[in-house]
**Q** 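Pasting a structure below so you can have a look.
By convention here, the first residue in the shown sequence is residue 1.
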Amino acid sequence: MASTAPPVLPISNPQTVPSAAPSSVESQPPIATPAFHNFVNQITDTVKNGLSKRRPWTELADRSALSKPESISDAAVRIRKNYSYFKVNYLTVATAIVGFSLVTHPVSLVFLLCLLASWLFLYMFRPTDQPLVVFGRTFSDRETLGCLILFSIFVVFLTDVGSVLVSAMMVGVALICAHGAFRAPEDLFLDEQEPAATGFLSFLGGAASNAAPAIVAARV
């Protein structure tokens with residue numbers, strides 16, 4: 001009696017599941033990180049360097065040196081001399097007043113932070129080879145710049161941001177002029193070797209000039 005051969009089961013060739021191919025275009029950071037860090041470091045170093053040149057606050061608040069100016073011209077001379085001597089302290093006071101005004105107006109502060117973040121992350125430090133895409137639409141650099149300019153006009157002139165900033169700066173300038181006019185500068189030792197170009201916003205101008213290469217490098 002012939003033995004019955006066992007049935008042959010069909011063998012299917014295992015199909016190799018294709019692995020997910022790596023994306024040909026690697027995800028890029030939304031901003032040029034090294035350039036942004038360089039920008040922040042330069043701003044920080046410049047501000048620290050400027051604050052290191054401030055005069056003692058006790059000298060600024062010396063009540064014994066306060067006296068009434070003899071005339072308007074005398075007040076103007078006092079303001080100029082005190083400005084040359086206390087310029088970093090004056091800038092610190094003005095910045096504190098502006099900051100306090102923004103904190104007491106949180107909506108304006110949010111608008112201003114959104115505006116600054118838009119310029120930083122959408123234009124200044126966004127790599128040029130990474131276009132801006134919003135709701136599926138690609139915006140060119142010119143269109144992005146135009147939108148940011150319109151947004152800036154809206155924030156500054158059509159919200160309370162502009163009025164808050166202008167009011168705070170006017171209060172700061174008034175306090176600085178009042179202190180400069182009534183503070184007798186006879187006991188101040190002005191540095192005659194100080195460059196004439198050094199001004200009220202000198203170290204901010206230096207920060208901007210130092211940070212310009214970082215912005216240019218981010219846009220290349």
**Q** Under the salt bridge (charged side-chain N to carboxylate O under 4.0 Å, His left out) definition, can you give me all pairs with a residue in residues 131-140, not counting sequence neighbours?
**A**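 Sorted pair list: Arg137-Glu143.
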**Q** Do you know which two heavy atoms are closest between Ser118 and Phe151, and how far apart they sit?
**A**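 In terms of heavy atoms, the two residues are closest at OG-CE2, 3.9 Å.
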**Q** Suppose we screen for side chain to side chain donor-acceptor pair (under 3.5 Å). Which residues come up paired with Thr104, at least two apart in sequence or across chains?
**A**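 Side chain to side chain donor-acceptor pair (under 3.5 Å) list for Thr104, sorted by chain: empty.
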**Q** For residues 65-74, pull every pair meeting salt bridge (charged side-chain N to carboxylate O under 4.0 Å, His left out), keeping only residues two or more places apart or in separate chains.
**A**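 Passing the test, one end in residues 65-74: Asp74-Arg78.
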**Q** Checking Trp119 now: which residues fulfil side chain to side chain donor-acceptor pair (under 3.5 Å) with it, not counting sequence neighbours?
**A**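 By the side chain to side chain donor-acceptor pair (under 3.5 Å) rule, Trp119 matches Ser152.
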**Q** Any idea which heavy atoms bring Asn82 and Gly180 closest together, and the distance?
**A**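 Reported closest heavy-atom pair: ND2-O, 2.8 Å.
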**Q** Would Val77 end up clustered with Ile79 when hydrophobic side chains under 4.5 Å apart are linked, directly or stepwise?
**A**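 Different clusters: Val77 never reaches Ile79 through Ile, Leu, Val, Met, Phe, Trp or Tyr contacts under 4.5 Å.
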**Q** Please say yes or no: joined through hydrophobic side-chain contacts below 4.5 Å, possibly via intermediate residues, are Leu112 and Leu150 part of one cluster?
**A**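 Different clusters.
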**Q** Test of understanding: with salt bridge (Lys or Arg N to Asp or Glu O under 4.0 Å), list the residues that count as partners of Arg142, not counting sequence neighbours.
**A**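 With sequence neighbours excluded, Arg142 shows a salt bridge (Lys or Arg N to Asp or Glu O under 4.0 Å) to no residue whatsoever.
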**Q** At what distance, to the nearest 0.5 angstrom, does CD of Glu59 lie from CZ of Arg183?
**A**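 Between atom CD of Glu59 and atom CZ of Arg183 there are 6.0 Å.
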**Q** Among residues at least two apart in sequence or on other chains, which ones pass side chain to side chain contact (heavy atoms under 4.5 Å, CB included) with Arg54?
**A**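 For Arg54, the residues satisfying side chain to side chain contact (heavy atoms under 4.5 Å, CB included) (neighbours in sequence not counted) are Leu51, Trp57, Val88, Asn89.
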**Q** Under 4.5 Å side-chain heavy-atom separation, chaining through any Ile, Leu, Val, Met, Phe, Trp or Tyr, what else clusters with Val110? Say none if it is isolated.
**A**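 Grouped by the 4.5 Å side-chain rule, Val110 forms a cluster of one, so the answer is none.
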**Q** Measuring from Leu158:CG to Ile153:CD1, what's the distance to the nearest 0.5 Å?
**A**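 Answer rounded to 0.5 Å: 8.5 Å.
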**Q** Rounded to the nearest 0.5 Å, how far apart are OG1 of Thr159 and CZ of Phe111?
**A**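 Reported to 0.5 Å precision, the distance equals 6.0 Å.
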**Q** Tabulate below the donor-acceptor pairs under 3.5 Å that side-chain atoms of residues 160-171 make, not counting sequence neighbours, or state none.
**A**
unit_1 : atom_1 : unit_2 : atom_2 : d
Ser163 : OG     : Asp160 : O      : 3.0
Ser167 : OG     : Ser163 : O      : 2.7

**Q** Within the 4.5 Å heavy-atom criterion, are Ser67 and Phe182 side-chain neighbours or not?
**A**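 No; the side chains remain at least 4.5 Å from each other.
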**Q** Would you say that more than 12 heavy atoms from the other residues, nucleotides or ligands in this model lie under 6.0 Å from the CD1 of Ile72, or not?
**A**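 Atom CD1 in Ile72 is not packed in, count stays at 12 or less.
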**Q** Please name all residues satisfying side chain to side chain donor-acceptor pair (under 3.5 Å) with Ser71, sequence neighbours left out, ordered by chain then number.
**A**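 So Ser71 forms a side chain to side chain donor-acceptor pair (under 3.5 Å) with Ser73.
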**Q** Count I, L, V, M, F, W, Y as connected when their side-chain heavy atoms are under 4.5 Å apart, and connections chain through other members. Are Ile149 and Phe154 then in the same cluster?
**A**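 Yes, same cluster.
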**Q** Give me the atom names and distance for the closest heavy-atom approach of His105 to Ser101.
**A**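 Heavy atoms of His105 and Ser101 come nearest at ND1-O, 2.7 Å.
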**Q** Once side chain to side chain donor-acceptor pair (under 3.5 Å) is applied, what residue pairs with a partner in residues 170-181 remain, sequence neighbours excluded?
**A**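 For residues 170-181, and leaving out neighbouring residues, the side chain to side chain donor-acceptor pair (under 3.5 Å) pairs sorted by first residue read Tyr90-His179.
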**Q** Do Leu132 and Val134 touch side chain to side chain, with heavy atoms closer than 4.5 Å?
**A**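 Answer yes - side chains close enough.
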**Q** Shared ILVMFWY cluster between Val98 and Phe100, side chains joined below 4.5 angstrom?
**A**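 In one cluster with Val98: Phe100, no.
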**Q** Please report the interatomic distance CG(Leu145) to CG(Leu122), rounded to the nearest 0.5 Å.
**A**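 Those atoms lie 11.5 Å apart.
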**Q** Can you list everything that forms a side chain to side chain donor-acceptor pair (under 3.5 Å) with Thr58? Sequence neighbours excluded, please.
**A**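 Thr58 satisfies side chain to side chain donor-acceptor pair (under 3.5 Å) with no residue once adjacent residues are dropped.
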**Q** In the single-linkage hydrophobic clustering (I, L, V, M, F, W, Y; side-chain heavy atoms under 4.5 Å), do Leu102 and Val47 co-cluster?
**A**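 Leu102 clusters together with Val47.
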**Q** Hey, mind stepping through Leu91 and Lys87 against side chain to side chain contact (heavy atoms under 4.5 Å, CB included) and telling me if it holds?
**A** CA-CA 6 Å; Leu91 178 59; Lys87 53 181 170 291; over 6 Å; no
**Q** Quick one: does any side-chain atom of Arg55 pair with a main-chain N or O of Tyr85 as donor and acceptor, under 3.5 Å?
**A**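 Side chain of Arg55 to backbone of Tyr85, a donor-acceptor pair under 3.5 Å: yes, one is there.
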**Q** Quick one: side chain to side chain contact (heavy atoms under 4.5 Å, CB included) partners of Val133, sequence neighbours excluded?
**A**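 For Val133 the side chain to side chain contact (heavy atoms under 4.5 Å, CB included) partners, ignoring immediate neighbours, are Thr138.
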**Q** Would you compute the distance between atom CD1 of Ile97 and atom CD1 of Ile176 and round it to the nearest 0.5 angstrom?
**A**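 Going from CD1 on Ile97 over to CD1 on Ile176, the span is 7.0 Å.
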